[in-house]
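Working notes for the structure below.
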Number of protein chains: 2
Amino acid sequence: MKNPIADLNKVFDSRIRLGVMSMLVVNDEISFNDLKQMLELTDGNLASHLNTLEQSEFIKVHKGFIGRKTSTTYSITDLGKQAFKAHLDALEKMIKKL
Amino acid sequence: MKNPIADLNKVFDSRIRLGVMSMLVVNDEISFNDLKQMLELTDGNLASHLNTLEQSEFIKVHKGFIGRKTSTTYSITDLGKQAFKAHLDALEKMIKKL
DNA sequence: AAAAGTACTTTGTTTTTCAAAGTTAAATAA
DNA sequence: TTATTTAACTTTGAAAAACAAAGTACTTTT
């Protein structure tokens, strides 16, 4: 028998980062504001979790405009997709016995 | 759209408690020692996570003997099964879009 | 009798999480 | 034009969670 939790990715232990990733897997781009509203977070809290994901190079930030209004959006990277998939696979393996 | 992480259970945010539950779903009883070895934890760390699960009434403890040697085992409760299943359902719903 | 195993509890540190307030810059309203 | 609002942060500090290490009590093996 081997340790069932060893293959889980520490970065995705957080429900918030898990939520961000699950949203970015199905949406090419999501704005800071949309993430904030969907996940019901304070600015600071969201910003710091996004920062963790960025440091891991699992997401990318795009500073742009909607009309002439600034708009920051985020997207998942290839590395992010891989890591997230690996995490879900590990999760599934852990609980598949059901 | 609704908050995708709202239905996740806080108790199962922890990888360790997730691991314990996933083991107890498929095994009627597991000893303290087996959990410790499988999950590669120190005594104190495991004990405190088991305590959290016990407080939530998701697991039950059984103090018994193997021969004349003490042996503490743990099992999942009905409430625990329910809660764990609900958590997995929420997780699945969150990532099903894949 | 000494050493080792089981199942903890206690203590204290480190890490993580989070809210609140402050910041900068642009946009809109008065 | 001044004031207010919105977006997207950063900083600060507090609270909570995780964790290792050491201590405890009891038993068993050597």
Side-chain angles (χ1 to χ4, degrees), chain A residues 3-6 8-24 27 29-56 58-75 83 87, chain B residues 3-6 8-24 27 29-56 58-75 83 87:
Chain A
N3 185 341
I5 65 181
L8 297 176
N9 192 325
K10 287 239 165 73
V11 173
F12 304 131
D13 275 0
S14 151
R15 55 167 47 212
I16 291 174
R17 294 192 294 269
L18 204 62
V20 168
M21 293 301 282
S22 79
M23 289 176 71
L24 287 180
N27 297 98
E29 278 197 333
I30 310 182
S31 70
F32 184 90
N33 243 334
D34 285 350
L35 286 170
K36 190 178 108 183
Q37 277 159 20
M38 283 285 288
L39 301 173
E40 300 174 74
L41 302 172
T42 55
D43 289 6
N45 195 7
L46 175 57
S48 75
H49 282 290
L50 289 175
N51 194 51
T52 300
L53 289 171
E54 240 188 295
Q55 297 292 96
S56 309
F58 291 166
I59 67 173
K60 254 194 330 274
V61 64
H62 313 270
K63 273 137 201 304
F65 293 88
I66 293 179
R68 297 182 57 206
K69 208 162 146 186
T70 61
S71 160
T72 306
T73 62
Y74 298 86
S75 65
H87 180 78
Chain B
N3 185 341
I5 64 180
L8 296 176
N9 191 324
K10 289 240 165 70
V11 174
F12 304 131
D13 275 0
S14 152
R15 54 169 46 215
I16 291 175
R17 294 192 295 267
L18 203 63
V20 169
M21 293 301 282
S22 80
M23 289 176 70
L24 287 180
N27 296 98
E29 279 197 331
I30 310 183
S31 70
F32 186 89
N33 244 334
D34 284 350
L35 286 169
K36 191 179 109 182
Q37 278 161 19
M38 282 285 288
L39 302 172
E40 300 175 72
L41 302 171
T42 55
D43 289 5
N45 195 8
L46 174 57
S48 76
H49 283 289
L50 289 174
N51 195 51
T52 299
L53 289 170
E54 239 188 295
Q55 297 292 93
S56 309
F58 292 166
I59 66 172
K60 257 195 326 276
V61 64
H62 313 271
K63 274 142 201 302
F65 294 89
I66 293 179
R68 298 180 56 203
K69 209 160 145 187
T70 62
S71 160
T72 305
T73 63
Y74 297 86
S75 65
H87 180 79

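Here is how names work: the chains are called A, B, and so on, in the same order as the sequence lines, proteins then strands, and each is numbered from 1.
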| said: When you measure from the side-chain N and O atoms of A/T72 to the phosphate of D/dA8, is any distance below 4.0 Å, counting only OP1 and OP2? | reply: yes
| task | Working to the nearest 0.5 Å, report the span between CG of B/L41 and CG of B/L46. | result | 5.5 Å
| field | Value in whole Å for how far the P atom of C/dT15 lies from CG of A/D13 | value | 16 Å
| message | Are the side chains of B/V61 and B/T73 in contact, using a 4.5 Å heavy-atom criterion? | response | no
| note | So salt bridge (charged side-chain N to carboxylate O under 4.0 Å, His left out) across residues 35-53 of chain B, not counting sequence neighbours, yields B/K36-B/D43
| query | Is there a side-chain contact between B/H87 and B/M21 (heavy atoms, below 4.5 Å)? | reply | no
| said: Between P on C/dT15 and CD on A/Q55, what's the gap in Å once rounded to a whole number? | reply: 16 Å
| Divergence of helical axes at both termini of the helix from C/dA1-D/dT30 to C/dA30-D/dT1 - five pairs an end, 10° steps | 0°
| Test log, rule side chain to side chain contact (heavy atoms under 4.5 Å, CB included), inputs A/I30 and A/L24 | CA-CA 7 Å; A/I30 310 182; A/L24 287 180; 3.6 Å; yes
| B/E54 CD to C/dA7 C1', straight-line distance once rounded to whole Å | 12 Å
| field | Interface residues of residues 30-45 of chain B with DNA chain C (non-hydrogen, below 4.0 angstrom) | value | B/F32, B/N33, B/D43, B/G44
| Does the side chain of B/L39 reach to within under 4.5 Å of the side chain of B/M23, using non-hydrogen atoms? | yes
| query | B/F12 has an atom CZ; how far is it from atom P of D/dA17, in whole Å? | reply | 15 Å
| A/H49 and A/V20: CA distance, side-chain angles, deciding distance, side chain to side chain contact (heavy atoms under 4.5 Å, CB included) verdict | CA-CA 9 Å; A/H49 282 290; A/V20 168; 5.7 Å; no
| query | When you check the phosphate oxygens OP1 and OP2 of D/dC19, does a side-chain N or O of B/H49 lie under 4.0 Å from one of them? | reply | yes
| field | Interatomic distance, A/N51 CG vs C/dT15 P [rounded to whole Å] | value | 18 Å
| task | Taking the six-membered ring for Trp and the full ring for Phe, Tyr or His, determine whether the centres of B/F12 and B/F58 are under 6.0 Å apart. | result | yes
| Is any side-chain nitrogen or oxygen of B/R15 closer than 4.0 Å to OP1 or OP2 of D/dA18? | no
| field | Candidate nucleotides D/dC19, C/dC8, C/dC18, ranked by approach to the side chain of A/I16 - the nearest | value | C/dC18
| request: Go through C/dT9, D/dA18, C/dA7 for me and flag the one nearest to the B/K63 side chain. | output: C/dA7
| B/S48 near the nucleic acid: base, sugar-phosphate alone, or nothing, with a heavy-atom cut-off under 4.0 Å? | nothing
| Polar side chain donor-acceptor pair, B/H62 to B/T72, under 3.5 angstrom | no
| request: Check whether any side-chain nitrogen or oxygen of A/Y74 sits under 4.0 Å from OP1 or OP2 of D/dA8, and answer yes or no. | output: no
| request: Return the 5'-most residue of the pair A/K10, A/L50 with respect to DNA chain D, ranking by each residue's nearest nucleotide. | output: A/L50
